[in-house]
Amino acid sequence: MSGNESKFSSELVAKVNELWKRYPHKKAALIPAMHLIQAERDGWFSDETVADTAALFGLPDMHVRGVVGFYDMFHSEPVGRHVVRLCKTLSCKLRGADGLIQHVNERYGVKNGETTQDGCFTFKHFECLGHCANAPMMLVDDEKHLDLTADKLDSVLGGLS
Amino acid sequence: MSDNGHVTLTIDGKEATVPAGINVIEAAKQVGIEVPHYCYHPRLSVVGNCRVCLCEIEGVGQLQIGCNTLVRDGMVVNTTNERVSRMREGVMEFLLINHPLDCTICDQAGECKLQDYAVDHGSGITRFEFDKGKKPKNISWGDRVVFDAERCILCTRCVRFLDEIAGTDEISIDHRGEKSQLVVRGDGKLTSPYQMNIIDLCPVGALTSRDFRFKSRVWFMKFTPTIDTSDARGCNVVAGTRDNRMLRMVPRYNPNVNDYWMSDHGRLHYAFVNDEDRIVMPTAGGKPAPYPVALSRAQAVLEGARDEGILCVASSYMTNEELFALKGVCDALGVEDRYFLLPMGEGDDLLIHPEKAPNARGCRLAGFRDAPDDWSSQEFGALLYVKPRELIELPAEVIERCKKKVVFSLTKHASDVNIPLTTWVEKDGTMVSAGDRVQCVRQGMVYEPTLLTERVVLDRLHTLLDPAFKGASTAVLAFQRMADEHPALDGLTWLSVGLLGAKLNKAEALA
Ligand code: SF4
Ligand code: FES
């Protein structure tokens, strides 16, 4: 599949071409490439984006669809301008994640998987994000916020636009 | 490696010499040992996700999955010992944890691998005392396949079939872990003309046939090996009947013809068998007449038309034995115009054949010519017509140009003598499929006890025309008589044709 016919930006295609060089098969670069694609396509995979990705990789579209469905980092529904992932696995739970979840539910009016009315962020409960030493923690887009309290959480979320 | 590409290994104490490169499941099969398996299928890629095929390979610490373990020389495999049984029981326990156990309302009951293996390898009791996971049931995947997510064990056979064999790649798995569920592309309806094969492939009751669902428990049915007559491919099938009505067809493995598959069109091509409008008694002059009366009327009609000429039109749905019986009648009457009708349609590269009838080759073998596109305006004293079941008919003006008519048909047809046809599941016989393979059809039911098959009727008519003629008493003997006479069939016997068919000797003339 030549990059010229692709529906993606030439920058993205160039980056994917670089990724392909790192793996024995093109297919192996699918997940890193899908992160780039998701960012370029408003943070989620529509049927069209799935089809374009499949075309870029020369894979059946249902294969890409399966990858989107399997990994929580990929979204099959539209998301807000930011994605807030709050860890709810053991360490964070023991250190008060449940209270933070309730705080978000009440203060921002969003439950797991929902997007705020102004489209600012989508809130997601997440499995362990690997910072148990600083529990509870959350990930806002690509940035981690550790040792959370309700105040700290509010100052981060309040700063989002 | 032992000699030329074979390896020798020991399976459950039995020594087996098998081709190199096959897996443990296939090797065990060759020495008569069944290793249970769900996700593995000989024609699909190996994914190894159901884990029920675990075997012990001596010298290897962990148990290995038989589907993904290739045989090696000197390998020692145990498929049934204590350790394997315990592990398999564990696998079955996991597979059944969220299973709804709704066998009583499940169409798969009786031919379900989950039931079979639960009995053979399960513990018989459950230790799981929590709520089972809930998933959607009775999801329509279009007008042919119904999906039940709770029963699905996520073996991905259906996913792989549509991807690797049918090439439409329409199913994928959404989510993961206990939430995993199959999804179909787009509006959730399957499009493949081969989609119903996933119903046979599904080892459990997750995929059922909209056509067959709830019609009958399989243990009340009778299964007859025969062939699909929707086109010239002649896919090998098992016809399921109950109370003398046809309920379903599923493909039967034949590596030379259809492998494990068949098209949906072929599978669903049987409604006319059960049609309530079928005629079950001949008519003469429009009035019901027993066979002897109808046949002497036919004799009179045909003999009376000899001078003006008779047009004989056969059907490419007839068996070879019937076609040769019709040929005998034509010979006795000196009929020159002998044709057959063949419906044509679309074909593809997999199994669907453009000739939409099973036995055009048999017609040619018996000396019938392909019907012309433009019939001449010749008039005939009589028409002897075996009406094809559907898709094609003799043009009305050709019929009108014949003064008298003797017509064989499934449903009523205006004529001087009308004789009922029987369908291919009601008789034994042979047909010549694409690739010039002689294949058997076998009787699985009787639509109505009064019906005689066309071969018997035509032989009786022949005897009326020529008292010296004596028909064969069974289709098997009729085949033998044909094989003795016709060089293309020379050397074939009913038994050598058998379940898988055999090649014609001289094929060139028939294509
Ligand atoms: S529907 Fe049947 S064939 Fe498909 S994955 Fe589920 S169990 Fe396997
Ligand atoms: S058959 Fe081997 S893992 Fe499923």
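Naming convention: chains lettered A, B, ... in sequence-line order (proteins, then strands); numbering from 1 in each chain. As a basis for the values below, the full set of heavy atoms in this structure was taken, side chains included, without hydrogen atoms, waters or symmetry mates.
The most heavy-atom pairs under 4.5 Å with chain B, out of A:V50, A:D72, A:V68, come from A:D72. Taking chain A as the reference chain and counting heavy-atom pairs below 4.5 Å, the highest number among B:V183, B:V184, B:D163 is found for B:V183. Looking only at heavy-atom pairs under 4.5 Å with chain B, the residue among A:G66, A:S76, A:G69 that has the most is A:G69.
A distance of 11.5 Å separates CD1 in B:I173 from NE2 in A:H63, rounded to the nearest 0.5 Å.
For CZ of B:F128, the number of neighbouring non-hydrogen atoms (other residues, nucleotides, ligands) closer than 6.0 Å is greater than 12. In this structure, A:R95 places its CZ atom where only 12 or fewer heavy-atom neighbours from other residues, nucleotides or ligands lie under 6.0 Å away. A 6.0 Å sphere centred on CD of B:E164 holds more than 12 heavy atoms belonging to other residues, nucleotides or ligands. Within a 6.0 Å radius of NZ in B:K189, more than 12 heavy atoms belonging to other residues, nucleotides or ligands are found. B:D131 CG: 12 or fewer foreign heavy atoms inside a 6.0 Å radius. No more than 12 heavy-atom neighbours from other residues, nucleotides or ligands sit within 6.0 angstrom of CD on A:Q102. For A:K111, the NZ atom sits in a loose shell: 12 or fewer heavy atoms of surrounding residues, nucleotides or ligands are nearer than 6.0 Å.
With a threshold of 4.5 angstrom between heavy atoms, B:E170 approaches chain A through N, CA, C or O but not through any side-chain atom. Of the atoms belonging to B:L162, not a single heavy atom falls under 4.5 Å from chain A.
Nearest heavy-atom pair across A:Y71 and B:R176 is CA-NH1, 4.1 Å. Residues B:D174 and A:R65 share a closest heavy-atom pair of OD2-NH2, 2.9 Å.
The shortest distance between side-chain heavy atoms of B:R185 and A:D61 falls below 4.5 Å.
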